[in-house]
Amino acid sequence: MIGLPFRILSAIAIALFFSSKWVRRTVAAVVVSALIVVFQNPELTQALAAPGAHHGQLLRALSALAGA
């Protein structure tokens, strides 16, 4: 049986295949920007990925991202 995440990803892939080149370029730009943010701010990624993360830890990571 195919899982829900795979179904969602395949639906997105099909939609991008049939979309215009501008939509594909926009999606690629957003993905690349997100990857740059992830690599520049590993503490934010760890705070978001930690199971049972406290809100304080997440807020500190977001404030570090904002430069405060």
Side-chain angles (χ1 to χ4, degrees):
M1 184 171 178
I2 298 174
L4 182 62
F6 181 76
R7 288 182 186 179
I8 292 171
L9 289 175
S10 61
I12 291 171
I14 291 169
L16 286 175
F17 180 77
F18 288 114
S19 65
S20 70
K21 69 177 181 179
W22 297 109
V23 172
R24 289 191 299 263
R25 287 180 180 176
T26 303
V27 170
V30 169
V31 168
V32 169
S33 297
L35 288 174
I36 290 171
V37 169
V38 165
F39 285 120
Q40 288 180 345
N41 302 296
E43 67 276 355
L44 177 65
T45 311
Q46 291 173 357
L48 291 173
H54 296 79
H55 294 293
Q57 180 183 5
L58 178 60
L59 291 176
R60 281 192 298 275
L62 288 175
S63 67
L65 177 64

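Because the structure is a prediction, the values reported are computed rather than measured. We use all heavy atoms of the structure for the numbers below, so side chains are in, but hydrogens, waters and symmetry mates are not. Heads up: numbering here begins at 1 and tracks the sequence.
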*Common cluster, Ile12/Val23, ILVMFWY with side-chain heavy-atom separation under 4.5 Å*: yes

_Joint hydrophobic cluster, Leu9 plus Phe6, side-chain heavy atoms closer than 4.5 Å_ = no

*With the 4.5 Å side-chain cut-off for hydrophobic clustering, are Leu16 and Ile8 part of the same group?*
yes

